[in-house]
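Sequence lines set the chain letters: A, B, ... in the order given, protein chains first and strands last, and positions in each chain run from 1.
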Protein chains: 2
Amino acid sequence: MRQNLENPAENSAENRVENPFAQPGHDHASCVSAALDGAEAVCARRGGRLTPLRRRVLELVWRSHRPVGAYDLLALLQDERGRVAPPTVYRALDFLCAQGLVHRLDSLQAFIGCGHANASDDSDRDGDGQHPAHFLICQDCGAAVEVRDGQLDGAISHLAGRTGFAIADETVELRGRCADCQN
Amino acid sequence: MRQNLENPAENSAENRVENPFAQPGHDHASCVSAALDGAEAVCARRGGRLTPLRRRVLELVWRSHRPVGAYDLLALLQDERGRVAPPTVYRALDFLCAQGLVHRLDSLQAFIGCGHANASDDSDRDGDGQHPAHFLICQDCGAAVEVRDGQLDGAISHLAGRTGFAIADETVELRGRCADCQN
DNA sequence: ATTCATTTTGTTATGTTATATCATTTTATT
DNA sequence: AATAAAATGATATAACATAACAAAATGAAT
Ligand SMILES: [Zn+2]
Ligand SMILES: [Zn+2]
Ligand SMILES: [Zn+2]
Ligand SMILES: [Zn+2]
């Protein structure tokens, strides 16, 4: 609620180009299958092993567009497998994060499926398969969405350039209210 | 190390405008006194009570330009006060963060003194005294520095505007190597 | 097919960060 | 002085994450 106080029109409906949040009625099954198919492709190409456990954890992460805690995933796994210990979940998450298939949201200590893990774009991935990810996180509905913005990328690059700083990793998480939750 | 691959000159020495990190030989005592004086002023103006405990915690946070963990602060307090429990530290940090005198670095789960807590600029503070803060964090020397960049602010505002998102709070933390640590 | 090395998963224990709750003390107000 | 509000003390526990080692599964080479 801090922004745009001097220019309230900036995020008004007229100027809005796109709401990147998933809509309530959307076909989420296709989100999940796209994520799993993309993961298979990414792992196949990069030599990662998407084992049944890792695949299942990815599927559980994708149950919704809301970030999920590691211990929530642990509970879900325990429901279907009996005794499961934290390292089982964390190791799967470590793998998925390393492959760029899942991102950790530092401000929430939670995880979300990568919104850009499609097999097509591999250019911006580093040697370990990860790529910088920027998020909008709605504090009302709990959803988070990975956004790409050239202007933001440019500003970050420019900031690094002018300060002589070499970026290795980025955390950019903007929390507030999504367009739908403002009504 | 991901950025600037296509334009390596961008963060070369010629184009570098300023290194915002504190230099090794700088007069840190003046950093500390400026921070404490500023804190007194901010609290006086906003009606916050900078008690001896809170003031001391702020002083401990300012022992260096490296983010410090809550339990590190706890240990330091225990050294000088005997038995101190976690809530003592967390409550002091909560107060200091609420006043915008300290920031939490989500990606490190650690705290750092605000680099812009001077009494003069109050314009960008929200109703609770906080203001958005963006950080460069050196993974080599461990230092973190709060940076202000109009282009970055603009890009964030623009992103929010075009997506209809109302930002309440920002986490922007860029990790990598500071200019000094690249040599 | 059998051996061997590597990777993945299971298991137990522990480390790290943060909060809930209630008692006591301090401070401000009447 | 009495009262209310704020801050601190104290105890317990919650939530998040990793270390270390054993067992099982996988892949490669003989
Ligand atoms: Zn979906
Ligand atoms: Zn929402
Ligand atoms: Zn200093
Ligand atoms: Zn450095």
If only side-chain N and O atoms of A:T88 are considered, is one of them under 4.0 Å from the OP1 or OP2 phosphate oxygen of C:dT9? no
Expressed as a whole number of angstroms, how long is the span from A:D106:CG to C:dT17:C1'? 14 Å
Measure from the side-chain heavy atoms of B:T51 and tell me the nearest of C:dG10, C:dT8, D:dA7. D:dA7
Test item: A:H28 side-chain N/O and A:W62 main-chain N/O as donor-acceptor pair under 3.5 Å: yes
Could you give the CZ-to-P distance, from B:R81 to D:dA10, as a whole number of Å? 12 Å
Is A:R81 atom CZ crowded by more than 12 heavy atoms from other residues, nucleotides or ligands, each under 6.0 Å away? yes
DNA chain D nearest-nucleotide lookup for B:A85 and B:G48: closer to the 5′ end is B:G48
C:dA18 C1' sits how many Å from B:L73 CG, rounded? 14 Å
Is there a side-chain contact between B:R63 and B:L60, using heavy atoms and a 4.5 Å cut-off? yes
Separation of atom CG in A:L93 from atom C1' in C:dT8, rounded to whole Å: 15 Å
Watson-Crick and G-U pairing of DNA chain D written in dot-bracket, each distance under 3.5 angstrom, with | for inter-strand partners: ||||||||||||||||||||||||||||||
What residues, two or more places apart in sequence or in another chain, satisfy salt bridge (Lys or Arg N to Asp or Glu O under 4.0 Å) together with A:D149? B:R162
Would B:V172 and B:I156 satisfy side chain to side chain contact (heavy atoms under 4.5 Å, CB included), going step by step from the backbone distance to the final call? CA-CA 10 Å; B:V172 177; B:I156 290 172; 4.1 Å; yes
N/O donor-acceptor pair under 3.5 Å between B:Q99 side chain and B:R46 backbone: no
Using atom names, set out every protein N or O paired with an N or O of nucleotides 15-20 of chain D below 3.5 Å, distance rounded to 0.1 Å.
| unit_1 | atom_1 | unit_2 | atom_2 | d |
| --- | --- | --- | --- | --- |
| D:dA17 | OP1 | A:R104 | NE | 3.1 |
| D:dA17 | OP1 | A:R104 | NH2 | 2.1 |
| D:dA17 | OP2 | A:Y90 | OH | 2.9 |
| D:dA17 | O5' | A:Y90 | OH | 3.3 |
| D:dA17 | N7 | A:Y71 | OH | 2.6 |
| D:dA17 | N6 | A:Y71 | OH | 3.4 |

Whole-Å distance, A:R49 CZ to D:dT26 P, equals 7 Å
Between A:R83 and C:dT11, is there a contact of a side-chain N or O with OP1 or OP2 at under 4.0 Å? no
Counting N and O atoms only, with roles assigned by atom type, does the side chain of B:Q182 sit under 3.5 Å from a partner on the main chain of A:G164, one being a donor and the other an acceptor? yes
Any donor-acceptor pair under 3.5 Å from B:R54 side chain to B:R49 backbone: yes
Between B:T171 and A:D106, is any pair of side-chain heavy atoms under 4.5 Å apart? no
Round to the nearest Å and state the distance from A:Q78 atom CD to C:dT11 atom P. 12 Å
Using whole Å, report how far CG of A:L77 lies from C1' of C:dT9. 12 Å
B:L53 CG - D:dA6 C1' separation (whole Å): 13 Å
